[in-house]
Amino acid sequence: ADIVVFGDSWSNRLSAPLQQAITNDGNTSVTVLNAAFEGERADGLSSSDPAIGLPYITATLAANPDANLVHLSIGGNDLFDGILFINFDALVNSLLDRIVNDTETIVNHILAQRPGIEVYHSGYDFLQPIPLTSVSRVNEILLRLDTRLTNLAAATPGYTYQGYYGWAQVNFGYPDLGLPPGDPSL
């Protein structure tokens with residue numbers, strides 16, 4: 001494969017549309033390998049577990065010597081698992097630090113396995129309402145994570161991070177809440 005996709009459900013669900021977009025653009029020889037797992041966390045992908053961690057990354061890249069791009073999306077499930085502590089800044093900061101450190105481990109491992117490969121990390125859109133939490137607080141924390149990952153990317157050659165900051169909501173609305181695309185409340 002030319003592009004290898006690692007990460008969580010965001011990555012997993014992106015692989016087929018990414019392949020289709022590339023094909024629709026006339027690049028029929030470019031292939032995408034979905035190596036992502038639903039529910040994957042940054043601490044899992046950065047672990048030594050051969051089924052989901054750094055050895056898995058090593059084996060997947062070795063099996064795809066023509067890959068020149070890794071698409072990564074990771075950290076969202078780590079945030080969801082810490083959602084109960086959302087109002088405790090010390091715990092939130094610790095969680096954000098861990099996610100960024102795990103992401104740095106993953107990115108550095110990929111770059112060490114394949115010097116010259118590009119790692120593109122797509123962030124998350126703003127979250128839909130989560131029971132028992134403030135949507136604005138969750139999104140504030142998501143933006144704090146995006147800032148940290150943007151800083152990591154600025155300091156890491158070969159690694160690009162892009163957050164999406166409400167792009168899907170503005171363009172597609174919240175159908176479940178009856179909010180159409182472009183609604184000013186989005």
J.: Check step by step if side-chain contact (heavy atoms from CB on, under 4.5 Å) holds for Leu54 and Thr105.
T.: CA-CA 9 Å; Leu54 299 176; Thr105 297; 4.0 Å; yes

J.: Got a donor-acceptor contact below 3.5 angstrom from the Gln19 side chain to the Val30 backbone?
T.: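 Here the side-chain-to-backbone pair exists.
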
J.: Under a 4.5 Å cut-off applied to non-hydrogen side-chain atoms, are Ile141 and Leu95 in contact?
T.: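 Not touching, per the 4.5 Å side-chain cut-off.
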
J.: Going by salt bridge (charged side-chain N to carboxylate O under 4.0 Å, His left out), name the pairs with one or both residues in residues 148-161, residues two or more places apart or in two chains.
T.: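 Found Asp97-Arg148.
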
J.: Under 3.5 Å, is there a donor-acceptor pair linking the side chains of Ser122 and His71?
T.: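 Judged by distance alone, the side chains do pair up.
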
J.: Applying side-chain hydrogen bond (donor to acceptor under 3.5 Å, both in side chains), can you list everything that pairs with Thr156, at least two apart in sequence or on another chain?
T.: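 If we apply the side-chain hydrogen bond (donor to acceptor under 3.5 Å, both in side chains) test to Thr156, skipping adjacent residues, there are no hits.
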
J.: Is it true that a side-chain atom of Trp10 and a backbone atom of Ile74 form a donor plus acceptor pair closer than 3.5 Å?
T.: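 No; zero donor-acceptor contacts below 3.5 Å.
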
J.: Step by step, work out the side-chain contact (heavy atoms from CB on, under 4.5 Å) result for Thr160 and Val119.
T.: CA-CA 6 Å; Thr160 301; Val119 179; over 6 Å; no

J.: Using the side-chain hydrogen bond (donor to acceptor under 3.5 Å, both in side chains) rule, collect all pairs that involve residues 47-58, keeping only residues at least two apart or in two chains.
T.: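 Matches after skipping sequence neighbours: Thr58-His109.
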
J.: Does Ile106 reach the side chain of Ile57, with side-chain heavy atoms less than 4.5 Å apart?
T.: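 Side-chain contact under 4.5 Å: yes.
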
J.: Is the backbone N or O of Val70 less than 3.5 Å from a side-chain atom of Tyr120, with the two atoms forming a donor-acceptor pair by type?
T.: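 Not confirmed, Tyr120 side chain does not pair with Val70 backbone.
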
J.: Under the salt bridge (charged side-chain N to carboxylate O under 4.0 Å, His left out) definition, can you give me all pairs with a residue in residues 8-17, not counting sequence neighbours?
T.: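 For residues 8-17: Arg13-Glu38.
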
J.: Quick one: pull up NE2 in His121 and OG1 in Thr150 and give me the separation to the nearest 0.5 Å.
T.: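 His121 NE2 to Thr150 OG1: 9.5 Å, rounded to 0.5 Å.
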
J.: In sequence, state the C-alpha distance, the side-chain angles, and the governing distance for Ile3 and Leu33, and then conclude on side-chain contact (heavy atoms from CB on, under 4.5 Å).
T.: CA-CA 6 Å; Ile3 301 170; Leu33 173 68; over 6 Å; no

J.: Counting distance only, does the side-chain N/O of Asn64 pair as donor-acceptor with the main-chain N or O of Thr60 below 3.5 Å?
T.: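 Judged by distance alone, yes, a pair lies under 3.5 Å.
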
J.: Given 3.5 Å as the limit, does a donor-acceptor pair link the side chain of Asn68 with the main chain of Ile117, or not?
T.: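 No: the side chain of Asn68 does not pair with the backbone of Ile117.
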
J.: Salt bridge (charged side-chain N to carboxylate O under 4.0 Å, His left out): which pairs involve residues 85-94, sequence neighbours left out?
T.: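 For residues 85-94: Asp89-Arg137, Asp89-Arg144.
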
J.: Between Arg114 (side chain only) and Leu61 (backbone N and O only), is there a donor and an acceptor less than 3.5 Å apart?
T.: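 Yes, Arg114 side chain to Leu61 backbone: donor-acceptor pair under 3.5 Å.
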
J.: What are the two closest non-hydrogen atoms of Tyr161 and Ala153, and how far apart are they?
T.: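 Nearest heavy atoms, Tyr161 then Ala153: N-CB, 3.7 Å.
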
J.: Take Asn12 and Asn34 through the test side-chain hydrogen bond (donor to acceptor under 3.5 Å, both in side chains) and record every step on the way to the result.
T.: CA-CA 6 Å; Asn12 190 12; Asn34 181 359; 2.5 Å; yes

J.: What I'd like to find out is whether the side chain of Leu45 reaches to under 4.5 Å of the side chain of Phe37, using heavy atoms alone.
T.: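 The answer is no; the side chains never approach within 4.5 Å.
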
J.: One pair to check against side-chain contact (heavy atoms from CB on, under 4.5 Å): Ile52 and Phe6. What are the steps and the verdict?
T.: CA-CA 10 Å; Ile52 61 168; Phe6 291 112; over 6 Å; no

J.: Report the distance from atom CG of Leu72 to atom CD of Glu40, rounding to the nearest 0.5 Å.
T.: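 Reported to 0.5 Å precision, the distance equals 10.0 Å.
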
J.: For a 4.5 angstrom cut-off between non-hydrogen side-chain atoms, does Val32 reach Ile22?
T.: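 Val32 vs Ile22: side chains touch.
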
J.: Could I get the full list of side chain to side chain contact (heavy atoms under 4.5 Å, CB included) partners for Arg41, not counting sequence neighbours?
T.: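 Once residues adjacent in sequence are excluded, the partners of Arg41 under the side chain to side chain contact (heavy atoms under 4.5 Å, CB included) criterion are Asp43, Asn77, Asp78, Asp81, Arg98.
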
J.: Quick one: does Ser11's side chain have a donor or acceptor within less than 3.5 Å of a partner on Ser73's backbone?
T.: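 Yes; at least one donor-acceptor contact below 3.5 Å.
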
J.: Got a second to check how far Glu118's CD is from Tyr159's OH, nearest 0.5 Å?
T.: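 Separation between the atoms: 12.5 Å.
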
